[in-house]
Amino acid sequence: MKIQQLEPGVAIADAISVADLDEVARRGFQAVICNRRSGEAEDHPDDAALRQRAEALGLAWRCIPVAPGEYGEADIEAFGRALDALPPPILAFCRTGRRAVHLWAQSRAREPGCDIPALLEAAHAAGHDPQPIREMLDA
């Protein structure tokens with residue numbers, strides 16, 4: 001599990017396992033957003049076991065499943081609402097972190113006064129190519 005900070009109170013990770021959630025809680029996260037779809041890989045049949053362990057650890061859980069590269073308006077809005085509603089710090093994850101960073105960027109870019117260059121730099125610093133995000137924001 002590789003965790004990368006995007007902004008104060010929000011980080012992303014690649015795929016996490018049930019056992020990883022103990023480390024997530026130890027690191028002080030209060031909430032987790034899962035962006036993986038049920039059945040997308042053998043290591044992710046669904047989010048039930050993850051949700052159950054997260055709740056047992058006192059972590060708030062939200063599942064906003066999306067397919068890679070297929071982020072609809074409802075998904076972006078749901079992610080933004082989760083960022084606003086869940087207790088920080090929040091860890092969002094998918095298989096590589098890419099869906100999580102894209103949803104974060106698109107939801108934050110809609111906020112008044114968003115510093116787009118800083119947003120793109122945060123994505124880059126977290127190990128993700130900012131060009132696809134720039135293209136999404138320009139679309």
Minimum heavy-atom distance [X]-[Y], with the two atoms named:
X      : Y      : answer
Cys94  : Ala100 : SG-N, 3.7 Å
Ile12  : Gly97  : CD1-O, 3.8 Å
Ala13  : Met1   : CB-CG, 4.4 Å
Ala109 : Ile116 : CB-CD1, 3.7 Å
Arg95  : Asp14  : O-CB, 3.3 Å
Leu86  : Ala60  : CD2-CB, 3.8 Å

Is the shortest side-chain heavy-atom distance between Gln30 and Pro89 below 4.5 Å? yes
How about Arg108 and Leu6: do any of their side-chain heavy atoms sit closer than 4.5 Å? no
Quick one: [atom1] on [X] to [atom2] on [Y], what's the gap to the nearest 0.5 Å?
X      : Y      : atom1 : atom2 : result
Leu50  : Trp61  : CG    : CH2   : 4.5 Å
Leu137 : Leu119 : CG    : CG    : 6.5 Å
Leu57  : Phe29  : CG    : CZ    : 13.5 Å
Asp47  : Arg36  : CG    : CZ    : 11.0 Å
Leu83  : Trp104 : CG    : CH2   : 9.5 Å
Thr96  : Asn35  : OG1   : CG    : 10.5 Å

Tell me whether the count of non-hydrogen atoms from other residues, nucleotides or ligands lying under 6.0 Å of CZ in Arg51 goes above 12. yes
Heavy-atom neighbours of Gln52 CD exceed 12 at 6.0 Å: no
Check whether any side-chain N or O of Asp20 sits under 3.5 Å from a backbone N or O of Ser17 as a donor-acceptor pair, and report yes or no. yes
Report all side-chain donor-acceptor pairs from residues 63-78 shorter than 3.5 Å, counting only partners two or more places apart or in another chain.
from, atom 1, to, atom 2, distance (Å)
Tyr71, OH, Gly69, N, 3.2
Tyr71, OH, His102, ND1, 3.3
Glu73, OE1, Arg110, NH2, 3.1
Glu73, OE2, Arg110, NH1, 2.3
Glu73, OE2, Arg110, NH2, 3.3
Asp75, OD2, Gly72, N, 2.9

Under a 4.0 Å threshold between the charged nitrogen and the carboxylate oxygen, would Asp22 count as salt-bridged to Arg53? yes
